[in-house]
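Computed over heavy atoms, backbone and side chain alike; hydrogens, waters and symmetry mates excluded. Letters A, B, ... are given to chains in the order of the sequence lines, protein chains preceding strands, and every chain is numbered from 1.
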2 protein chains.
Amino acid sequence: MTHFHDAVTCQSCAQRFTSVFCKAKQEFIAEINEQKVCNIYKKGQTIFNEGSYPFGVYCINEGKVKLSHLGDDGKEQIIRLLRGGDVLGYRALLSGERYSASAIVLEDTQVCFIPKELFISVLKNDAGLAFEMMKLLSDELHKAEVKLTHLAQKPIRERLAETLLFIKETYGFEADGETLSVRLSREEIANLVGTATESTIRLLSEFKKDGMVELDGKKIKILKHKELVRTANLQD
Amino acid sequence: MTHFHDAVTCQSCAQRFTSVFCKAKQEFIAEINEQKVCNIYKKGQTIFNEGSYPFGVYCINEGKVKLSHLGDDGKEQIIRLLRGGDVLGYRALLSGERYSASAIVLEDTQVCFIPKELFISVLKNDAGLAFEMMKLLSDELHKAEVKLTHLAQKPIRERLAETLLFIKETYGFEADGETLSVRLSREEIANLVGTATESTIRLLSEFKKDGMVELDGKKIKILKHKELVRTANLQD
DNA sequence: CCCAAAACATGATAAATATCATGTACCTAC
DNA sequence: GTAGGTACATGATATTTATCATGTTTTGGG
């Protein structure tokens, strides 16, 4: 967990136009820049843990993070995938609760911590930021509700196809234009789909047999995007 | 759809201390009171439909409403249950999208419509309301994420028990202290649980055989609350 | 480089759940 | 009140999905 505070400023951050802070006033951005504490997390490290109290929010400068929830029987459910420009930890903070999910780094990630008091006070004094925050929450709520419906109604074959497309939307491809730009274990994919690991492995093999994907360890290439969309059977 | 505009004011509304507007400034409440349009919807009527554009938000004065989402194959998924004091339609409005769910009245309900422009402008000028709104969105997001995890990981027996407890939390009991204060069809309960109607009917019969509930048409009595909690197997 | 542990893969089987089929009860409109 | 439609109930069956078992491959640490 290396610091990189001095290296970056919020005013020059690559994410400044796309993150939820894009509409915030410069004076507040300057204040956030002053108080932020930046760190680098290595793959597998935990940014925060389910059950602990939030002391602020985390803004991802660069990297990939999973937000996951432990089910009653200890099985992981991956709730969200995050990338540069995304903000983490606001849900628990706004609800005034402990974290209901853990944030675990998928690959080396630079994160800036913003203290709770500052975040809340900026939120209360900057209507632009507040409005963007509401939009963000609304969008997340929408995604969660759609996922809920699909989980209840769609077979796992469709859900796995949809999940692969979702990963592509979130992290995109590598330079070759077809390899998903993230390494997830089969178990993690299963925990994203909401199914048993073996089922995911089996279906991925089928997708490979059908020529839709190519598998090379944790590298996944999307060969037939259209057919994958058809398999996902999306309407909405 | 009868008007009842003149009968109620926001300043005297029974929900004024508990709704999301509880922290809003009086001047804005007065403005909302001026512009609101109140209606009574009868059981089965639709307040708004999935796919149409939001023109404002709806504040429930009294009554019961379901928010449901049509899956790709046309199967209903009930996303939320709403009661007096709840606000409807903010999700689509804040995201700037069409409604992703329909609001259908479960029993005669009084609703006040607040025009989009007014709602947005109050939201931008009243930090208290904005903050309450963020809390509301965060809470809904949390509920959705927990439901997601349970849907992915818990068997339907546990989910049905949890759903019955959820209905109880939302609408409470009738005067006898044990009959759920809402009439839902078996199909609606199934669409809340996320399962086939027959499975829900079968399990309700089992719950009855086990003495946990009593069934009399759409009247459902919770006889053994503790055992129902145990059956739901809740940890979080 | 090698070893042990973890991850991956696949077959066999079991369990959970959905679907189909049929009969009954119950509204509700006439 | 009764006919016809809908909701409820329940059994039989089919399908989906999970679990268990076993072998193989990959990976990371010494």
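To the nearest 0.5 Å, the span separating CD1 on A/Ile201 from CD on A/Glu187 amounts to 9.0 Å.
Going from atom CG of A/Leu204 over to atom P of C/dC8 covers 10 Å, rounded to whole Å. Atom pair B/Asp216:CG and C/dA25:P shows a separation of 15 Å (rounding to whole Å applied). Spacing between atom CG of A/Asn191 and atom P of C/dA7 amounts to 12 Å, rounded to whole angstrom units. Rounded to whole Å, atom P of C/dC26 lies 13 Å from atom CG of B/Leu215. Summarising the geometry, the separation between CD1 on B/Ile201 and P on C/dA25 is reported as 15 Å, rounded to the nearest angstrom. One interatomic measurement links the two molecules: CG of B/Leu160 to C1' of C/dA18, which rounds to 16 Å at whole-angstrom precision. Going from atom CZ of B/Arg183 over to atom P of C/dC27 covers 11 Å, rounded to whole Å. Protein atom NZ of B/Lys218 is 9 Å distant from nucleotide atom C1' of C/dC27, rounded to whole Å.
Close approach of DNA chain D to chain A, defined as any atom under 4.0 Å from a non-hydrogen atom of the protein, starts and stops at D/dT17 to D/dC20.
Heavy atoms only, all atoms of each residue included: A/Cys59 and A/Val87 are closest at SG-CG2, 4.3 Å.
Where A/Ser205 and B/Ala196 meet DNA chain C, the nucleotide closest to each residue was compared, and A/Ser205 sits on the side nearer the 5' end. Residue A/Glu198 is the one, among A/Glu198 and A/Ala152, whose nearest nucleotide of DNA chain C lies closer to the 5' end (criterion: closest heavy atom). Residue-to-nucleotide proximity on DNA chain D shows that, of A/Gly217 and A/Gly194, the 5′-proximal contact is made by A/Gly194.
The residue A/Thr197 sits apart from the nucleic acid: no heavy atom pair falls under 4.0 Å.
Of the N and O atoms on the side chains of B/Glu162 and B/His150, at least one donor lies less than 3.5 Å from an acceptor on the other residue.
The salt bridge (Lys or Arg N to Asp or Glu O under 4.0 Å) with A/Asp210 is formed by just one residue from the set A/Arg157, A/Lys224, A/Arg230; it is A/Arg157.
A close approach under 4.0 Å does occur between a side-chain nitrogen or oxygen of B/Thr195 and OP1 or OP2 of C/dA18. Between A/Arg186 and C/dA9 there is a side-chain N or O to OP1 or OP2 distance below 4.0 Å.
No more than 12 heavy atoms of other residues, nucleotides or ligands shown are found within 6.0 angstrom of NZ on B/Lys135. Heavy atoms of other residues, nucleotides or ligands lying less than 6.0 angstrom from CD of A/Glu107 number more than 12.
Put simply, the side chain of A/Ile60 does not reach to within 4.5 Å of the side chain of A/Gln110, judged on heavy atoms.
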